[in-house]
Amino acid sequence: MGDDNVIARLGSMKALLGIVAGAGASYGIYKLVVGRAGDGGVNRRKSAKSVTIQPGSLMAKVSGFKVVNKSDNLDPCAETESSDIHSKSAASLEPRHLSMLLSLLQSSPNPEERKNVLVTLGNAAAFTVNQDLLREFGGLHIVAGFLSDPSSEIRVQTLNALNNLSMNIRNQEQLKIYIPSVMQLIEMSPVNSDLQLAALRLLTNLSVTDNHQHLMKTSITLLLSLLVVSNEVLQIQVLKVLVNLSSNPDLMDDIVQAQAPASLVLLFDGCTSTSVLHRLLFFVGNLRAWRPSAQVAEALRTRQDSLYCVLLDNSSQLHRKLPLLLSHADEEVKTQVARLLT
């Protein structure tokens with residue numbers, strides 16, 4: 001499709017914005033919504049031209065959809081109705097629509113419109129067929145180009161779209177080059193921001209297999225530091241990445257040598273969220289499966305700020321903290337602790 005034809009059809013493009021393509025096939029797929037607030041403390045940028053939602057358009061139908069999380073208690077009838085709408089929307093999306101959306105994303109001078117296109121592409125990417133088509137159309141690199149957009153909201157929606165696109169192994173091969181940029185976004189963004197959460201979700205997907213985990217090993221200290229200063233939602237997402245990485249024996253040397261905050265051990269406490277504790281204990285279990293040689297262990301002991309000294313060495317305060325968790329109210333926590341103590 002030539003550029004002239006694409007430009008000539010931008011009017012019909014408006015009906016595509018906001019198409020919802022289903023949600024929740026895996027924990028890594030997220031339904032995206034238009035108009036979600038960006039980072040805390042960051043003012044929204046006013047677009048030069050507002051985007052008009054035409055009555056009866058797909059945009060009008062889906063813009064008010066509630067974001068569905070796995071933990072939500074949904075009414076069965078409402079869930080069925082929502083699924084039907086998703087199916088109809090997905091059936092309306094054709095390859096030419098994806099191509100047109102990518103063209104609009106590149107050409108539109110309107111930040112609000114670009115954000116809406118990213119939301120639509122992200123929802124479309126919940127389906128494998130669209131993940132493949134967007135890769136074949138060069139869409140992965142087009143979308144990733146907005147990781148450096150001045151608008152924090154656009155960066156968030158870019159990460160959300162890439163997150164769904166990353167549920168495809170072939171797509172991960174192209175997306176791996178953006179891991180350093182995603183890490184930089186985490187480091188430079190406000191703590192507990194939507195940007196950090198969206199970036200960590202993407203890293204979770206990219207670290208599920210060991211194909212690209214080595215590209216994250218230089219950021220272990222960043223993840224450990226974020227773990228002790230973030231809220232529960234972010235802590236869980238950080239730990240998902242750390243658990244994935246620590247499941248790879250080839251990365252264990254890098255993980256245990258990473259600089260770690262001494263306050264990390266304070267998280268092993270009854271006051272810590274049970275969901276966080278579960279993942280912390282699983283992470284420690286992975287670490288303890290690693291067996292250093294006597295020479296390596298001795299070398300690690302000379303670095304008092306290493307993760308090895310903070311959590312694994314005989315001098316670690318963790319050995320005092322773990323037995324206290326045997327009286328925790330959660331049975332799984334007690335089971336995991338008992339396993340670590342044997």
Rounded at 0.5 Å granularity, tell me how far OG in S275 sits from CD in E332. 9.5 Å
Return yes when atom CZ of F137 has more than 12 non-hydrogen atoms of other residues, nucleotides or ligands closer than 6.0 Å, and no otherwise. yes
Consider only side-chain N and O atoms of Q259 and S306, and report whether a donor and an acceptor are under 3.5 Å apart. no
What one should report as the nearest heavy-atom pair of N171 and Q131 is ND2-O, 3.4 Å
Which heavy atom in V191 sits nearest to a heavy atom in V229, and how many Å separate them? CG1-O, 3.8 Å
Can any side-chain N or O of H97 pair as donor or acceptor with the backbone N or O of E94 at less than 3.5 Å? yes
Side chain proximity check, Y178 to L140, heavy atoms < 4.5 angstrom: no
When you compare the side chains of E232 and S273, does any donor N or O come within less than 3.5 Å of an acceptor on the partner? yes
Is any side-chain heavy atom of D149 less than 4.5 Å from a side-chain heavy atom of R114? yes
Compute whether any side-chain donor of one residue and acceptor of the other, for Q336 and H278, lie under 3.5 angstrom apart. no
Is a side-chain donor or acceptor of R303 paired with a backbone partner of A299 at a separation under 3.5 angstrom? no
Any non-hydrogen side-chain atom of L206 less than 4.5 Å from a side-chain atom of K176? no
Check the pair L277 / D330 against side chain to side chain contact (heavy atoms under 4.5 Å, CB included), numbers first and verdict last. CA-CA 10 Å; L277 264 181; D330 185 79; over 6 Å; no
Could you please spell out the steps behind the side chain to side chain contact (heavy atoms under 4.5 Å, CB included) verdict for L307 and L287? CA-CA 10 Å; L307 182 61; L287 295 180; 4.0 Å; yes
Please check if any side-chain donor atom of N110 sits under 3.5 Å from a side-chain acceptor atom of S108, or the reverse. no
Is the backbone N or O of L324 less than 3.5 Å from a side-chain atom of S327, with the two atoms forming a donor-acceptor pair by type? yes
In the structure I gave you, are the side-chain heavy atoms of L215 and M183 within less than 4.5 Å of one another anywhere? no
Which heavy-atom pair separates V276 from L239 by the least distance, and what is that distance? O-CD1, 3.6 Å
Gap separating the OG atom of S219 from the CD1 atom of I186, nearest 0.5 angstrom: 7.5 Å
State, to 0.1 Å, how close D313 and H319 come at their nearest heavy-atom pair, and which atoms those are. O-NE2, 2.8 Å
Indicate yes or no for a side-chain donor-acceptor contact from N123 to the backbone of V119 under 3.5 Å, with no hydrogens or angles considered. yes
Near Q257 CD, under 6.0 Å, is it more than 12 heavy atoms from other residues, nucleotides or ligands? yes
To the closest 0.5 Å, what do you measure between CG (L118) and CG (L162)? 8.5 Å
How far does CG of L226 sit from CD of Q237, to the nearest 0.5 angstrom? 11.0 Å
Between Q213 (side chain only) and N248 (backbone N and O only), is there a donor and an acceptor less than 3.5 Å apart? no
L325 side chain near H328 side chain, heavy-atom distance below 4.5 Å: yes
Side chains of K217 and I255 in contact at under 4.5 Å (non-hydrogen atoms): no
Donor-acceptor contact below 3.5 Å, side chain T302 vs main chain E298: no
Under 3.5 Å donor-acceptor, S207 side chain and L203 backbone: yes
Just how far is it from atom OG1 of T204 to atom CD1 of I236, taken to the nearest 0.5 Å? 11.0 Å
State, to 0.1 Å, how close L224 and A260 come at their nearest heavy-atom pair, and which atoms those are. CD1-CB, 3.8 Å
Within a strict 4.5 Å, meaning less than it, do heavy atoms of the L195 and S152 side chains meet? yes
Do I179 and I177 belong to the same hydrophobic cluster, where Ile, Leu, Val, Met, Phe, Trp and Tyr are linked whenever their side-chain heavy atoms lie under 4.5 Å apart, directly or via other members? yes
Whether N205 side chain and S166 backbone form a donor-acceptor pair below 3.5 Å: no
Are any non-hydrogen side-chain atoms of I220 and L245 less than 4.5 angstrom apart? yes
Does the pair L280 and V284 meet the rule for a side chain to side chain contact (heavy atoms under 4.5 Å, CB included), with working shown? CA-CA 6 Å; L280 273 171; V284 171; 5.7 Å; no
Between S99 (side chain only) and R96 (backbone N and O only), is there a donor and an acceptor less than 3.5 Å apart? no
Would you call R170 and E173 a salt bridge, taking side-chain N to carboxylate O under 4.0 Å as the test? no
Give the C-alpha distance, both sets of side-chain angles, the deciding distance and a yes or no for side chain to side chain contact (heavy atoms under 4.5 Å, CB included) between L266 and S263. CA-CA 5 Å; L266 299 179; S263 56; 4.1 Å; yes
Looking at every heavy atom in both V310 and P261, which two are closest together, and how far apart are they? CG1-O, 3.9 Å
Donor-acceptor contact below 3.5 Å, side chain R288 vs main chain L312: no
Classify the angle between the aromatic ring planes of Y308 and W290 as parallel (below 30°), tilted (30 to 60°) or perpendicular (above 60°). perpendicular
Do I169 and L175 land in one hydrophobic cluster if side-chain heavy atoms of ILVMFWY residues count as linked below 4.5 Å? no
So CG of D132 and CG of N168: to nearest 0.5 Å the spacing works out to 5.0 Å
